[in-house]
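Residue numbering restarts at 1 for every chain, and letters A, B, ... go by the order of the sequence lines. The structure presented is a predicted model; accordingly, all values stated were derived computationally and were not measured.
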Amino acid sequence: TQLLEQSPQFLSIQEGENLTVYCNSSSVFSSLQWYRQEPGEGPVLLVTVVTGGEVKKLKRLTFQFGDARKDSSLHITAAQPGDTGLYLCAGAHTNAGKSTFGDGTTLTVKP
Amino acid sequence: NAGVTQTPKFQVLKTGQSMTLQCAQDMNHEYMSWYRQDPGMGLRLIHYSVGAGITDQGEVPNGYNVSRSTTEDFPLRLLSAAPSQTSVYFCASIASVTDTQYFGPGTRLTVL
């Protein structure tokens, strides 16, 4: 079983603070996705990283894929209450038809 | 373009009952998956399919059956519901080139 471990499991911060969420595995993935899920809804894709060492920025969110393609991080700058939600990472292998998900990080940003 | 649709949205079953959760996608994706999500946790793969007529087991397949007679539809059958199957069930359609998964809105199932 290929496991993806996310840390921290829970994170509660004040508006304006910065934070980093980690996603680690002993397995190599061909790509890694980050999703955000709000209560009562399905996960929605934020970003896909493919190349080892790749860094992608999406407004205040910065995603990095480890050089060995086994780990990834999500950094949020100046968090806002609208960032509140469950953040999930998922590792995939090309044409495998399936992904492995981490258990998620529940982020709460207080105004 | 509806994306991924799931029915029903909510369901309550008694132990031992059977039912089918419906999932359909209109994006012509070959790959589809079923996951369950328990409170405060990530997604666990139940079954997946890489094309019509081809299915395989995921991490937690026991108690569930699937079939894929068409590209669009991927129903999940609970054979004899148990309280341990109380969960939220998500169907996903996967763009094979990018591995991006598009999720349906989920089915919230309670087994009494």
Side-chain angles (χ1 to χ4, degrees), chain A residues 1-12 21 23-25 28-51 54 56 63 65 69 72 85-108, chain B residues 2-6 9-10 21 23 25 27 29-61 66 68 71 74 87-108:
Chain A
T1 303
Q2 299 170 329
L3 296 176
L4 273 173
E5 296 183 354
Q6 283 189 243
S7 61
Q9 187 176 0
F10 298 96
L11 192 54
S12 180
V21 176
C23 178
N24 295 300
S25 175
V28 176
F29 294 102
S30 58
S31 68
L32 193 139
Q33 291 80 37
W34 284 93
Y35 295 83
R36 179 167 168 264
Q37 184 180 19
E38 298 195 32
E41 299 182 5
V44 176
L45 180 73
L46 294 173
V47 79
T48 296
V49 286
V50 178
T51 305
E54 181 177 4
K56 281 191 174 179
F63 304 86
F65 202 13
R69 291 187 285 128
S72 181
L86 176 67
Y87 289 81
L88 296 160
C89 66
H93 297 283
T94 303
N95 295 325
K98 60 177 180 175
S99 295
T100 300
F101 278 81
D103 279 344
T105 294
T106 300
L107 172 66
T108 302
Chain B
V4 180
T5 58
Q6 289 184 240
K9 281 199 164 185
F10 302 93
L21 279 62
C23 175
Q25 55 100 358
M27 295 175 282
H29 290 160
E30 289 296 321
Y31 302 160
M32 296 184 73
S33 295
W34 273 103
Y35 295 90
R36 62 175 287 172
Q37 185 175 37
D38 298 311
M41 297 186 67
L43 300 161
R44 290 187 292 170
L45 183 66
I46 304 171
H47 286 285
Y48 67 103
S49 170
V50 297
I54 307 170
T55 64
D56 205 347
Q57 296 181 351
E59 183 185 353
V60 287
V66 292
R68 185 95 180 273
T71 299
F74 191 40
S87 189
V88 181
Y89 291 84
F90 289 101
C91 177
S93 170
I94 304 160
S96 58
V97 175
T98 63
D99 296 318
T100 300
Q101 303 206 41
Y102 297 88
F103 287 88
T107 295
R108 284 143 189 84

Value for CG (L86(A)) from OG1 (T105(A)), rounded to nearest 0.5 Å, stands at 7.5 Å
Got a second to check how far S99(A)'s OG is from I94(B)'s CD1, nearest 0.5 Å?
-> 6.0 Å
Bottom line for Q33(A): the part with an atom under 4.5 Å from chain B's heavy atoms is side chain
Bottom line for L43(B): the part with an atom under 4.5 Å from chain A's heavy atoms is both
Answer key: most heavy-atom pairs under 4.5 Å with chain B among A90(A), G40(A), A92(A) is G40(A)
Any sub-3.5 Å donor-acceptor pair from S87(B)'s side-chain atoms to Q37(B)'s backbone N or O?
-> yes
When rounded to the nearest 0.5 angstrom, what is the spacing between SG in C91(B) and CD1 in I46(B)?
-> 10.0 Å
Quick one: what part of Y35(A) sits under 4.5 Å from any heavy atom of chain B, side chain, backbone, both or neither?
-> side chain
Checking Y102(B) against chain A: side chain, backbone, both or neither under 4.5 Å from a heavy atom?
-> neither
Give, as side chain, backbone, both or neither, the part of T100(B) having an atom under 4.5 angstrom from any heavy atom of chain A.
-> both
Would you tell me whether E5(A) and S7(A) have side-chain atoms, one donor and one acceptor, within less than 3.5 Å of each other?
-> no
With a 4.5 angstrom heavy-atom cut-off, could you sort out which part of R108(B) is near chain A: side chain, backbone, both or neither?
-> side chain
Contacting region of Q6(A) [heavy-atom separation from chain B under 4.5 Å] | neither
Main-chain N/O of G58(B) paired with W34(B) side-chain donor or acceptor, under 3.5 Å = no
